[in-house]
**Student:** 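Submitted below is the structure of interest, expressed as C-alpha cells.
What you see below is based on every heavy atom in this structure, not just the backbone, and it leaves out hydrogens, waters and symmetry mates. Here is the naming used below: chain letters follow the sequence lines, and residue numbers restart at 1 for every chain.
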There are 2 protein chains.
Amino acid sequence: MPLTEAGIHAAALRLIDAEGVEALTMRRLATALDANPMSLYHHLPNKEALLRGVARMVGAQFRTVTLEDAPWQERIRLLATDFRTLAHRHPNLMAYSFSQPDFIQPEDPFWAALTRTLDAAGVPHSEVRQVAALMCAVVIGVLIAELNGALHQWSNLEPTAPAAGEEGPPNTGPEEEDRMFRLVLDTIITGLDSRLTDGDRQGAGRGVAAEAGPRSGEPVFVPRQQSVSGSRWPGPAPSCRLCAEST
Amino acid sequence: MPLTEAGIHAAALRLIDAEGVEALTMRRLATALDANPMSLYHHLPNKEALLRGVARMVGAQFRTVTLEDAPWQERIRLLATDFRTLAHRHPNLMAYSFSQPDFIQPEDPFWAALTRTLDAAGVPHSEVRQVAALMCAVVIGVLIAELNGALHQWSNLEPTAPAAGEEGPPNTGPEEEDRMFRLVLDTIITGLDSRLTDGDRQGAGRGVAAEAGPRSGEPVFVPRQQSVSGSRWPGPAPSCRLCAEST
DNA sequence: ACCTGAACACCGTTCAAGT
DNA sequence: ACCTGAACACCGTTCAAGT
C-alpha cells in the first residue's frame, strides 16, 4: 500500500459510501489509510480534485454492452435503469456528484451508447447531443429526488382538497419508486416517439396556441423560436423583494 | 435592525446570491449584519436551519395566479417557466437547494397549483401527487443541469462519430437553453397527453414487449407491475470493484 | 431577554525540514 | 522521490458571563 492515487480514490469512495460526502475529510481519509494527512497532497492537488476524481471514477463504470439490435425504446430503458442501479450503489456520492457538471464525460461508454441509440431512433444528427443531454438531465432529476427522499415525501403531500377519506392508503414503500421511475421513462419515450413518428399529433397541445406541427424528417426537436420568458441570466434579478436590503 | 430571523435570512440570501452557498459562513454573515457571530445563535439553532430557512423562504415565492381557465398544457408550461425564472433569479441558492428534500412544501401555492392543474388534466385523483412529484423532479433535473453548466457542456460533446465537418456550428449560446427547456416540457406534455387521451398508442414502445395498453379512464399512470431491475436499496451493493478493499 | 468574549474541536492547506 | 511535523487561517458551536 504505497499510497497510490487510485488507492486514495477507492478509500475515499468507501468513506463516502459509509458515512456520506460531508464525512470525507483529508484528515479522516488519511487515518483510514494509515498515513499522515499531508502525505495525500503528494498525490492530489487538493480536496476538490479528490472528489472530482472519485466521481469520474464511478461515472466511468457505466455498462458498455448496448443490445445493438433491440428497439431504441428498449435500449433507452436499459441505459436509464443501469444509471439508476449505479446511483443506488453509491447513493451518497451520486447525490453530490449529480450537482457537478463534469461527471459524465464524452469518453464514457454510457454517453456513446446513449447518442448512438438516439441516432438509431431517428433523432436528427445535429440534435442528438442536445436530446441526449436532456435525457440525462431528466433521469438525474428523478434520481436526485429519489435519493434525497423528495419523491417519497412529495408523493405523500395532500392534494389541493383535504381528501375526504376515499383516497386509499398513501402510496409509499420502496417499490413505489420503481414504478414512478418507469412512469417518467415511459412518458418521455412516448413523447419522443410522438415527435419522431407522426408530425400531426405533435405539439403537446394540439388546439392550444396551435404552432403548426413540423413535417416529419426535419428538425422537430429544436424549433428555432422566440423565447417567451423575459428574465435573463446570470446574476440575481433586482426585482426580488427577498433581496431588498433592510438594514 | 434588531437582528430578526427574517433579517438574517435575507442577509444570508444576499450573501449566497453574491458569492455562492459555500461562501455563507456564520462569521461572515455576522459581520455582514454588523453583529457578533454568537448573536446569530439566539435566533437560529444552527447553520443547517439557516440554510433550510432561506431555501423555504425562496420556495414560498412561487406564483399564485394560475390562469384557471387556460388548458392544462398551458398552465403546466406557465408553472414550469415560473419555476425556471425563480431558479435564474437565485442560481447559487437553487443549485444547492434542489438537492434538499424539503424546499417544496404542501402549503406552497406552487404545489397547490400544480396538483390542481394535473387534476384538471384528468390524472386520476389517487395518482395526482405522484405525477406532480415526477414533474417537479424532471424540471429540477433540467434546471440543475442548466445552472451548473452540464446542459451546455453535454450539448457540445462530440457524438459517437468524430463528426466529419458537416455538423454545423455547435449549438451553444444562452437562448439555446430556452429552446431545450421548452423541448423537455413539450415532450413530457406530449407523453402525458398520449397517456390521458388514447390508451392504444400508450406504452411508449408499441410492438416492444407489448404490455397490453390499459383501458382509458383507469389508473394508466402507475400500473402495478413487477420490478425489472433487481438491485435493492439503500446501502452500497458489495459487487462494485471500486469498493474492493486494497490495503 | 438579548448579546458577548474566550475557548474547544475541528477543517484545508503551506512550508520548511527530514529521509 | 516521498513523507512529516508544526503552523496558519479559517470553520461551527458551547458556555459562562455580562447587560
**Student:** Would you mind listing every side-chain hydrogen bond (donor to acceptor under 3.5 Å, both in side chains) that reaches into residues 27-43 of chain B, with sequence neighbours excluded?
**Tutor:**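 Every side-chain hydrogen bond (donor to acceptor under 3.5 Å, both in side chains) pair that includes a residue of residues 27-43 of chain B, provided the two are not neighbours, is B/Glu19-B/Arg28.
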**Student:** Rounded to the Å, how far apart are B/Leu44 CG and C/dC3 P?
**Tutor:**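 After rounding, the reported distance stands at 12 Å.
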**Student:** When Watson-Crick pairs (N1 to N3 and N6-O4 or O6-N4) and G-U wobble pairs (N1-O2 and O6-N3) count only below 3.5 Å on both distances, what is the dot-bracket string of DNA chain C, with | for other-strand pairs?
**Tutor:** .|.|||||...|||||.|.
**Student:** Taking CG from B/Leu51 and C1' from D/dG12, how many angstroms apart are they, rounded to a whole number?
**Tutor:**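 Answer to the nearest Å: 13 Å.
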**Student:** Could you state the CD-P distance from A/Glu5 to D/dC2, rounded to the nearest angstrom?
**Tutor:**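 To the nearest whole Å, that distance equals 12 Å.
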**Student:** Show which side-chain atoms of residues 91-100 of chain A pair as donor or acceptor with protein atoms under 3.5 Å away, not counting sequence neighbours.
**Tutor:**
| from | atom 1 | to | atom 2 | distance (Å) |
| --- | --- | --- | --- | --- |
| A/Asn92 | ND2 | A/Ile16 | O | 2.9 |
| A/Asn92 | ND2 | A/Asp17 | O | 3.1 |
| A/Ser99 | OG | B/Ser99 | OG | 3.4 |

**Student:** Does the side chain of A/Thr25 get closer than 4.0 angstrom to OP1 or OP2 of C/dG12 through an N or O atom?
**Tutor:**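 Yes, A/Thr25 has a side-chain N/O under 4.0 Å of OP1/OP2 on C/dG12.
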**Student:** Excluding sequence neighbours, so at least two apart, what forms salt bridge (charged side-chain N to carboxylate O under 4.0 Å, His left out) with A/Arg56?
**Tutor:**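 Partners of A/Arg56 by the salt bridge (charged side-chain N to carboxylate O under 4.0 Å, His left out) criterion come out as none, since no residue qualifies.
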**Student:** Holding to side chain to side chain donor-acceptor pair (under 3.5 Å), I want the full list of residues that pass it with B/Glu22, two or more places apart in sequence or in another chain.
**Tutor:**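 With neighbours one apart ignored, the set is empty.
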**Student:** Measure all distances between protein nitrogen or oxygen atoms and nitrogen or oxygen atoms of nucleotides 13-16 of chain C, and list the pairs falling under 3.5 Å.
**Tutor:**
| from | atom 1 | to | atom 2 | distance (Å) |
| --- | --- | --- | --- | --- |
| C/dT13 | OP2 | A/Tyr41 | OH | 2.9 |
| C/dT13 | OP2 | A/Lys47 | N | 3.0 |

**Student:** Which label fits A/Phe83 and A/Phe110: parallel for a plane angle under 30°, tilted from 30 to 60°, or perpendicular past 60°?
**Tutor:**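 Judged by the thresholds at 30° and 60°, the geometry between A/Phe83 and A/Phe110 is tilted.
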**Student:** Give a yes/no on whether any side-chain N or O of A/His43 is located under 4.0 angstrom from OP1 or OP2 of D/dC2.
**Tutor:**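 Checking A/His43 against D/dC2: no side-chain N or O falls below 4.0 Å of OP1 or OP2.
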**Student:** Using atom CD of B/Glu22 as one end and atom P of C/dG12 as the other, report the distance to the nearest whole Å.
**Tutor:**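 In whole Å, C/dG12 P and B/Glu22 CD are 15 Å from each other.
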**Student:** Which pairs with one or both residues in residues 92-108 of chain B pass salt bridge (Lys or Arg N to Asp or Glu O under 4.0 Å), sequence neighbours excluded?
**Tutor:**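 Of all non-adjacent pairs touching residues 92-108 of chain B, none passes salt bridge (Lys or Arg N to Asp or Glu O under 4.0 Å).
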**Student:** Round to the nearest Å and state the distance from B/Asp34 atom CG to C/dT4 atom P.
**Tutor:**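 Computing the B/Asp34:CG to C/dT4:P distance gives 10 Å.
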**Student:** Please name all residues satisfying side-chain contact (heavy atoms from CB on, under 4.5 Å) with B/Ile188, sequence neighbours left out, ordered by chain then number.
**Tutor:**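 For B/Ile188 the side-chain contact (heavy atoms from CB on, under 4.5 Å) partners, ignoring immediate neighbours, are A/Ile188, B/Met135, B/Val138.
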**Student:** Do B/Thr25 and B/Leu15 make a side-chain contact, defined as non-hydrogen atoms from C-beta onward lying under 4.5 Å apart?
**Tutor:**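 B/Thr25 does not reach B/Leu15 side chain to side chain.
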**Student:** Mind listing the side-chain donor-acceptor pairs of residues 48-55 of chain A below 3.5 Å, one per line with the distance, residues two or more places apart or on another chain?
**Tutor:**
| from | atom 1 | to | atom 2 | distance (Å) |
| --- | --- | --- | --- | --- |
| A/Glu48 | OE2 | A/Arg52 | NH1 | 3.1 |

**Student:** Report the nucleotide, chosen from C/dT4, C/dC11, D/dG12, that has the shortest atom-to-atom distance to any side-chain atom of B/Asn36.
**Tutor:**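 Looking only at side-chain atoms, B/Asn36 lies closest to C/dT4.
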**Student:** Could you tell me the separation between the CG atom of A/Leu40 and the P atom of C/dC11, rounded to a whole number of Å?
**Tutor:**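 Roughly 13 Å, once rounded to whole Å.
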